[in-house]
Engineer: 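Right, I'll just put the structure down here and ask away after.
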Amino acid sequence: MDYTPGNIEQKWRDHWKAEGTYKVSNDSDKPKYYVLDMFPYPSGAGLHVGHPLGYIASDIYARYKRLNGFNVLHPMGFDAFGLPAEEYALQTGIHPATSTKDNMERYREQLSALGFSFDWDRDLYTCDPKYYKWTQWIFAELFGHYYDQTAKKALPISELEKIFAASGNKQVKAANSYKGKFTAEEWKAMDKVTQADTLMAYRLAYRKVGYVNWCEELGTVLANDQVKDGISERGGYPVVQKAMKQWYLRITAYADRLLYDLDEIDWSDSLKTIQRNWIGRSEGASLFFDVKDSDEKIEVFTTRPDTTFGVTYMVLAPEHDLVAKLTTEGQKQKVADYIAKVNAKSEVERMAEKEVTGEFIGAYAINPFTNTAVPIWIGEYVLKDYGTGAIMAVPSDDERDNRFATKFGLEIIDVVDKSKYPSATLNDKVGIIKNSGFMNGMEVPDAITAACKKAEEMGIGEMHINYKLRDANFGRQRYWGEPFPVMYDADGLAHVMKVDDLPLVLPDTEDFKPAKGGRSPLARMEDWTNLPNGMTRETDVMPAVAGSSWYFLRYMDPHNDEAFVGQDAVNYWQDVDLYVGGSEHAVAHLMYARFWHKFLHDKGLVPTNEPFKKLVNQGMIQGVIEFIFLDKNSPQDARRFVSADIAEKEADGDFAKIPVHVDFVSNYGSPKSYLSKEGIEKFIDWRKEYKNATFETSNGTYQNGESAADINMLTLSEVGKMSKSKFNVINPDAVINRYGTDCFRMYEMFLGPIEQAKPWDTKGIDGVSKFLKRYWGLFFDKNEKWSLSEEAPTKDELKILHTAIKKVTHDIERFSFNTCVSAFMVCSNDLRKWRCNKRAILKEMTILLAPFAPHVTEEIWNRLGESGSVHHAAYPVFDEAHLKEDSIEYPISINGKKRGVAEFSSDASKADIEAAARELAVVKKWSVEDGKQIRKIIVVPGRMVNVVVG
RNA sequence: GCCGAAGUGGCGGAACUGGUAGACGCGCUGGAUUCAAAAUCCAGUUUCCUCGGAAGUGCGGGUUCGAUUCCCGCCUUCGGUACCA
């Protein structure tokens, strides 16, 4: 009987659904295991072959754990709010709620077709009010807390109010953005608004004015990672810096814990390094410089306080608050011109700017160690958001300062003698301090300590730890997101809504398009915004990252209306044991999720300090993008296209690379990919503006339907991200229809290591398909009749089986699924050779294979007459005894080069083997017969023998 | 520039903690079956020559009885990031 996946697979998927095979209970005696995929954003393009890679891997692992007696939580849901959803809705003219719902349906269908063992009863989506009720609640809780640096945890803001009333803020060690100190009396004397503003500077969710990436075209603020090269990632519109009052989350309060707790989780070193660099902790000093003839002080952060004697000028960011105050009359025009020049530049130009620019503002600061006056400049190389937005410049010991000083002819005082460290570069923190008064003769690290001590004594600074990490901008002037559960009273003070009043449902409207000039779409809905009690609602919405920062907790208890997650549920499931997803989320999502989790942990609502115990990043499956070349100088009404080989020959030609839809290309993905005559016609039909174009190839030219039949327009193939906009999306449906889901799953695993990026290519899929047919064939005789032997297995058969059990188990544990597939192939090839059809062997092999090919193994399990599902069977037990051999074949190496093999008893001693090896013909041949002597024999038991001759 | 990852047959890739380099699969070659083809099955397949060897895991060194694996110095590719004080 032939193996026909089409008949088997749907049948079993229906069966599993009806039986609730993958339903998981929170009430179990089994140990728990939580396997999670990063939930997808349901885009309009549907699922492509890249999506399932990680899902297949995690599904195999989940099934493997289930077979090993774990109660496995393996859920799936959708990240359905956010900018892309709204963009898609804008493109199609369909309401975001409708399009998102349709897309989710499509994704659910496609995911179901892949045979994943998700418990769909726990399905969630972030735009569901039942879900975002709790997103809003967590936000409200963040608003209601501050971070106490002594307790190293979040505490209710009411505690802080008590402290302020009792002793002001002088003793308080808390994460804050408040400038200055006040006493209890001063606190009590403050009016309501000032008190509220003060508390705001301590809250974990707070409002402040900040510079944001403003995109006028999209009418919204964009996150840094939504901006690429100064233009918006979606749409490619210009982005400018704009000051706006926004909601922020004080993630910096958790910087140290986010950094140090990386040590306790099982993530790859490279990913931990990325997070460490993002947090960017640096130790140094915060120093205050007096300004000559002014009461103002300039605060700088420096990692090199030891070089303070070398400070010959200061640089402020052009946007720094003091610029306006300190610029002298004579310099005003020049400074204004410079700032205008910087602001007028798009981000892309500013980044491309390699030239050193700056302007003197006319004022001077006093170097506190030398008491000399140094000029104050502004320069775009000083960033407003990093450190204090101001630097002390040490041109002798900092490369950028050096370039700046050289360009503008500023003084350079050499303060570090690096002659002892000839390989050190200008920026390296080594050397002996000179020209620096009390620090002269000290090594750099000692001088840093001495400088900090001195600054503290003088009252002009102190040791300071600075982070690159910045607080998260949390507001979007958008429609498709969670509304903030915030109302403003007549004084403009923010009040958060109580849990019983949540969710605050996103009001329905057809007018969801972004508004120009910074107004949120919700601001137009006055009925909703203006409340009967005179309060007004916040009209910004939350960013997409809100919903994804805690969804992993909701799966534990998805239908709970009383809490974001029940305490019983979270105490049972604890945390995610295995999290699988793409490395593009290495920073933003994983950082915010860790932050929220830690906050909830501080509140005693989750038992664990970290959400994701182990993390595996799957590599991206790339697509091949195919191009032809357009001659830019050809006239508009007679465009000239040339094939890739011609473009290469005409190296001086001026060509634009035009992407071609991969559906038109013959030999897609190979170096010989080309457009046939039919392909060119499809291209013209797709891009009608080119219908009069000529297509030049090395075997003739196509124009207006005329060309040789065998015309061969070579295309240029480039590997890149699979994306709708690059016309190279490959949908899995065709492959699944032809080969079946089990084959598709195994083939994706067989492609290579899971964490490695690789281009999609179906070249090798026949090999996997053959394997499944042969596995199936093991159960049938020559006449294609079911034929199974009940005989006891032989030693050799048991060895084949247990070799596979050992290899597959070991490789699943280390996420090496490609080698698992080859182990299965080896096993089935061997069993076939022995014509083994014994139940005792094949039953165990079927269980072993079940996580990889869930459908065909279930069918076989059923035909074997076994009860229940193969996916609830007991995992095969490995027995080392079956692998034991009486004798072992040793490679015999002469001077490290293999020259032959010899068999020795498996319990022969080292000395026995050495003695026997001396007598081997092959050894004699390479020693005495070659005029050489045996110097030494190395025997590694069970491994090899190496004879050293000379 | 910095950080991270990786360079192995015609191709995707194996090789556990330094121990037979090229598992497994694709492709290719030859054969069987067939009127023929597809499918299937069997055998071969790193390169080079004098058929006994020689060379060989990006390049150049080193450590070792033995290196794809460890160390030093380069080159290339991919990913991330950027005037980060």
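Lettering of chains follows the sequences in order, A, B, ..., and the numbering in each one begins at 1.
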Engineer: Does the side chain of A/Leu848 come within less than 4.5 Å of A/Phe824's, by heavy atoms?
Structural biologist: yes

Engineer: Ignoring hydrogens and geometry, is there a side-chain-to-backbone donor-acceptor pair from A/Asn617 to A/Gly581 under 3.5 Å?
Structural biologist: yes

Engineer: What is the distance, to the nearest angstrom, from the CG atom on A/Asn895 to the C1' atom on B/rU64?
Structural biologist: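 Roughly 13 Å, once rounded to whole Å.
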
Engineer: Quickly work out the A/Phe404 CZ to B/rA85 C1' distance and round it to whole Å.
Structural biologist: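 One finds 13 Å between C1' of B/rA85 and CZ of A/Phe404, rounded.
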
Engineer: Output, in order, the C-alpha distance, side-chain angles, deciding distance and verdict of side chain to side chain donor-acceptor pair (under 3.5 Å) for A/Tyr338 and A/Thr357.
Structural biologist: CA-CA 9 Å; A/Tyr338 180 70; A/Thr357 68; 2.7 Å; yes

Engineer: I need the CG-C1' distance between A/Asn402 and B/rC83, as an integer number of Å.
Structural biologist: 14 Å

Engineer: Taking only N/O atoms, report every protein-nucleotides 3-7 of chain B pair under 3.5 Å with atom names and distance.
Structural biologist:
unit_1: B/rC3; atom_1: O2'; unit_2: A/Asn277; atom_2: ND2; d: 3.3

Engineer: May I ask you to test the A/Ile894-A/Lys897 pair for a side-chain heavy-atom distance under 4.5 Å?
Structural biologist: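 Not in contact.
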
Engineer: Any chance you could encode RNA chain B as dot-bracket? Rule is Watson-Crick or G-U wobble with both distances under 3.5 Å; [ ] for pairs crossing earlier ones, | for another strand.
Structural biologist: (((((((..(((......[....)))((((((.......))))))((((..))))..(((((..]....))))))))))))....

Engineer: Is the backbone N or O of A/Ile800 less than 3.5 Å from a side-chain atom of A/Asp830, with the two atoms forming a donor-acceptor pair by type?
Structural biologist: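 Checked: no pair found.
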
Engineer: In the structure I gave you, are the side-chain heavy atoms of A/Phe309 and A/Ile433 within less than 4.5 Å of one another anywhere?
Structural biologist: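 Not touching, per the 4.5 Å side-chain cut-off.
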
Engineer: Going by atom types alone, do A/Thr252 and A/Asp471 pair a side-chain donor with an acceptor below 3.5 Å?
Structural biologist: yes

Engineer: List in chain and number order the residues that pass side chain to side chain donor-acceptor pair (under 3.5 Å) with A/Glu359, two or more places apart in sequence or in another chain; answer none if no residue qualifies.
Structural biologist: none

Engineer: Is there side-chain contact between A/Met845 and A/Leu801, with at least one heavy-atom pair below 4.5 Å?
Structural biologist: yes

Engineer: Kindly give the atom pairs (protein nitrogen or oxygen, nucleotide nitrogen or oxygen) under 3.5 Å for nucleotides 8-11 of chain B.
Structural biologist:
unit_1: B/rC11; atom_1: O2'; unit_2: A/Lys763; atom_2: NZ; d: 3.2

Engineer: Can you pull every protein N or O that's under 3.5 Å from an N or O on nucleotides 39-41 of chain B?
Structural biologist:
unit_1: B/rC41; atom_1: OP1; unit_2: A/Arg774; atom_2: NE; d: 2.8
unit_1: B/rC41; atom_1: OP1; unit_2: A/Arg774; atom_2: NH2; d: 3.0
unit_1: B/rC41; atom_1: OP2; unit_2: A/Arg774; atom_2: NH2; d: 3.2

Engineer: Taking only residues two or more places apart in sequence or in another chain, which ones pass side chain to side chain donor-acceptor pair (under 3.5 Å) with A/Arg918?
Structural biologist: A/Glu914

Engineer: If we only count heavy atoms from C-beta on, is the A/Ile888 to A/Phe904 side-chain gap below 4.5 Å?
Structural biologist: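 Result no, sub-4.5 Å side-chain heavy-atom pair not found.
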
Engineer: To check you understand the geometry: which heavy-atom pair defines the closest contact between A/Ile913 and A/Ala908, and what is its length?
Structural biologist: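 Of all heavy-atom pairs spanning A/Ile913 and A/Ala908, the closest is CG1-CB, 3.9 Å.
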
Engineer: Provide the distance between the two P atoms, one in B/rG9 and one in B/rA14, to the nearest whole Å.
Structural biologist: 14 Å

Engineer: Looking only at side-chain N and O atoms, does A/Asn829 come under 4.0 Å of OP1 or OP2 in B/rA23?
Structural biologist: no

Engineer: To the nearest Å, how far apart are A/Glu283 CD and B/rA85 C1'?
Structural biologist: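 From A/Glu283 CD to B/rA85 C1': 15 Å.
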
Engineer: Taking for each residue the nucleotide of RNA chain B with the nearest heavy atom, is it A/Ser282 or A/Ile765 whose nucleotide lies nearer the 5' end?
Structural biologist: A/Ile765

Engineer: Work out how far the C1' atom of B/rG12 is from that of B/rA82, and round it to whole angstrom.
Structural biologist: 35 Å

Engineer: How would nucleotides 13-21 of chain B be written as a contact map, 5' to 3', with B for base contact, S for sugar-phosphate-only contact and - for no contact, using protein heavy atoms under 4.0 Å?
Structural biologist: SSSB--BB-

Engineer: By side chain to side chain donor-acceptor pair (under 3.5 Å), which residues pair with A/Lys272, not counting sequence neighbours?
Structural biologist: none

Engineer: With side chains defined as the heavy atoms from C-beta onward, is the minimum distance between A/Ile937 and A/Val945 less than 4.5 Å?
Structural biologist: yes

Engineer: Collect all protein-nucleotide pairs involving nucleotides 43-53 of chain B in which both atoms are nitrogen or oxygen and the distance is under 3.5 Å.
Structural biologist:
unit_1: B/rG53; atom_1: OP1; unit_2: A/Lys925; atom_2: NZ; d: 2.3

Engineer: For A/Asn737, enumerate each residue passing the side chain to side chain donor-acceptor pair (under 3.5 Å) test, keeping only those at least two apart in sequence or located in another chain.
Structural biologist: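 A/Asn737: no side chain to side chain donor-acceptor pair (under 3.5 Å) contacts found.
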
Engineer: Show me the pairs that pass salt bridge (Lys or Arg N to Asp or Glu O under 4.0 Å) and involve residues 804-820 of chain A, at least two apart or across chains.
Structural biologist: A/Lys807-A/Asp811, A/Asp811-A/Arg814

Engineer: Under 3.5 Å, sequence neighbours excluded: what are the donor-acceptor pairs made by side chains of residues 764-778 of chain A?
Structural biologist:
unit_1: A/Asp766; atom_1: OD1; unit_2: A/Tyr739; atom_2: OH; d: 3.2
unit_1: A/Tyr775; atom_1: OH; unit_2: A/Thr846; atom_2: OG1; d: 2.8
unit_1: A/Trp776; atom_1: NE1; unit_2: A/Met1; atom_2: O; d: 2.9

Engineer: Just so I know, are the side chains of A/Ile251 and A/Leu258 near enough to count as touching, which here means a heavy-atom distance under 4.5 Å?
Structural biologist: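 Answer yes - side chains close enough.
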
